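Naming convention: chains lettered A, B, ... in sequence-line order (proteins, then strands); numbering from 1 in each chain. Because the structure is a prediction, the values reported are computed rather than measured.
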Amino acid sequence: MRIGYPCINRTVECKGDRTFRLKSYSESRLVATVTDNLNCLLKMLQFNTAHDILFFRITSDLVPFASHPICQFDWQQAFLNRFQEIGEFTRSHYMRLSMHPDQFTLINSVDERVFETSVRELIYHATTLDSMGLDCSAKIQIHLGGVYGDKRKSMHRFVQRFHHLPERIKGRLVIENDDRNYTLNDCMTVYDAIGIPVVLDVFHHEVNGSGETLSQAFHRFVKTWTEEDGLPIVHYSSQRTGSRRGSHAESIDLRDFHSFLEKTKPFDFDVMLEIKDKEKSAVKAVKTAMHDDRFLRFKTE
DNA sequence: CCCTGTCAAGTCACG
DNA sequence: CGTGACTTGACAGGG
């Protein structure tokens, strides 16, 4: 079991997701920003290993406008050395990286053009992980997408479109149950069609479930992961007390997390904490998991 | 320097 | 049909 958090670390003094306005795009601006972002990414990874945090999501803002037509710059080549250093650091610490394109990436959109821009965006994400020399356990995680008034058809469209994706995207792509539209059961249906691993978001499963208990959900989704996909990925977050159902808590509830660890035995998996205060909660979670065999086994590896 | 409207992209709920 | 939420900060231009 690895424990991780997404994208941002407020303890290190740098920012790894700096961007700029499209209107102020220039090659030199891009180079300067990406240089800073990569430097900061390495700093965050160093922070993580120092705190036994071995799972991390890279921000999609790492290379601003990477998939936009305005960007004609060969950033992959220009930063290849830096990417490889970061990949080497990651591998040598048995760390796992992932990425999560934002809500504009829609494989199943009814609009063909939206699908095409989504493919460009996925190519950017895959290129980033490829450049670091990471194996297929470094996943790109998305949701199934919109419903467009007909869920069954929209799921079918996802399956059809998946077949048209480049292999290097297919090998990294995983789907996650969301809090409104697609449940774990829906993801499993898509898995049955194309064999794509399913990320279980336990919070979304509580808010928008398909009837399974936590244990039943684990039994189902774990089977979608093969050896080369790496350990199954779980997203964990907690409800912000007194706030809208579905909104994320400011900081981790350690009693709930402890109980989550107990309830999910003996399954082994990597857990991404989707909590507002990011690395602070991750540090706490690591302390809580310190006596868990699944976590220890990994730490001493 | 400070303030604040706005920021690449889509979908859905709501009025 | 138009607007805000999703989620949030900070870019960038104007005062």
Next item on the list: Could you check how far CG of Asn9(A) sits from P of dT8(C), rounded to whole Å?
Entry: 16 Å
Item checked: Whole-Å distance separating the CG atom of Asp277(A) from the P atom of dT7(C) -> 16 Å
Check: Can you tell me how far P of dG9(C) sits from CD1 of Ile8(A), to the nearest Å?
Finding: 8 Å
Notebook entry, point to check: Do Phe89(A) and Thr49(A) come within less than 4.5 Å of each other through their side chains, counting heavy atoms only?
Noted result: yes
Next item on the list: Quickly work out the Arg120(A) CZ to dA8(B) C1' distance and round it to whole Å.
Entry: 12 Å
Notebook entry, point to check: Between atom CZ in Phe158(A) and atom C1' in dT11(B), what is the gap in whole Å?
Noted result: 16 Å
Check: Are Phe55(A) and Tyr5(A) an aromatic pair by the rule of ring centers under 6.0 Å?
Finding: no
Checklist line | Residue-phosphate contact under 4.0 Å: Ser109(A) side-chain N/O, dT11(B) OP1/OP2 | finding: yes
Margin query: Using the six-membered base ring of dG10(B), report whether Phe104(A) stacks on it, requiring centroids under 5.5 Å and planes under 30° apart.
Written below: no
Margin query: Taking the P atom in each of dT11(B) and dA10(C), what is the distance between them to the nearest angstrom?
Written below: 28 Å
Note to self: What's the gap between dC1(B) and dT8(C) when it is taken at their C1' atoms, as a whole Å value?
What the structure shows: 24 Å
Next item on the list: Send over the distance from Phe65(A) CZ to dC11(C) P, rounded to a whole Å.
Entry: 12 Å
Next item on the list: Write down the distance separating the C1' atoms in dG4(C) and dT6(B), rounded off to the nearest Å.
Entry: 15 Å
Item checked: Between Phe257(A) and Tyr236(A), ring centroids under 6.0 Å -> yes
Notebook entry, point to check: Using 4.0 Å as the upper bound for N to carboxylate O, is an ion pair formed by Arg220(A) and Glu212(A)?
Noted result: yes
Checklist line | Protein-nucleotide distance (Asp102(A), atom CG; dG9(C), atom C1'), rounded to Å | finding: 15 Å
Notebook entry, point to check: Is it true that the side chains of Thr183(A) and Asp186(A) contain a donor and an acceptor less than 3.5 Å apart?
Noted result: yes
Next item on the list: Residues of residues 15-43 of chain A with any non-hydrogen atom less than 4.0 angstrom from an atom of DNA chain C: list those, numerically ordered, please.
Entry: Lys15(A), Thr19(A), Phe20(A), Arg21(A), Ser24(A), Arg29(A)
Next item on the list: Taking Watson-Crick and G-U wobble pairs with both distances under 3.5 Å, convert DNA chain C into its dot-bracket string, 5' to 3', dots for unpaired and | for cross-strand pairs.
Entry: ||||||..|||||||
Next item on the list: Measure the distance from NZ on Lys278(A) to P on dT7(C) and round it to the nearest whole Å.
Entry: 11 Å
Checklist line | Close aromatic pair by centroid cut-off 6.0 Å: Phe221(A) and Tyr191(A) | finding: no
Next item on the list: Please identify each residue that fulfils salt bridge (Lys or Arg N to Asp or Glu O under 4.0 Å) with Lys278(A), with sequence neighbours left out.
Entry: none
Note to self: When the P atoms of dG9(C) and dA5(C) are compared, how many Å lie between them, rounded to an integer?
What the structure shows: 15 Å
Hey, what are the protein-to-nucleotides 12-15 of chain B N/O distances that come in under 3.5 Å?
residue	atom	partner	partner atom	Å
dC12(B)	OP1	Val147(A)	N	2.4
dC12(B)	OP1	Tyr148(A)	N	2.9
dC12(B)	O4'	Arg180(A)	NH2	3.4

Check: Which residue pairs satisfy the ring-ring contact (aromatic ring centres under 6.0 Å, His included) criterion with at least one member in residues 127-177 of chain A, sequence neighbours excluded?
Finding: His100(A)-His143(A)
Checklist line | Whole-Å C1' distance, dT4(B) and dC6(C) | finding: 22 Å
Margin query: Whether the Thr264(A) and Arg294(A) side chains hold a donor-acceptor pair (N or O, under 3.5 Å, no angle test) is what I'd like checked.
Written below: yes
Next item on the list: Would you tell me whether Glu121(A) and Ser67(A) have side-chain atoms, one donor and one acceptor, within less than 3.5 Å of each other?
Entry: yes
Checklist line | Residues forming a side chain to side chain donor-acceptor pair (under 3.5 Å) with Lys15(A), sequence neighbours excluded | finding: Asp17(A)
Next item on the list: Indicate whether any N or O donor in one side chain lies under 3.5 Å from an N or O acceptor in the other, for Thr11(A) and Glu279(A).
Entry: yes
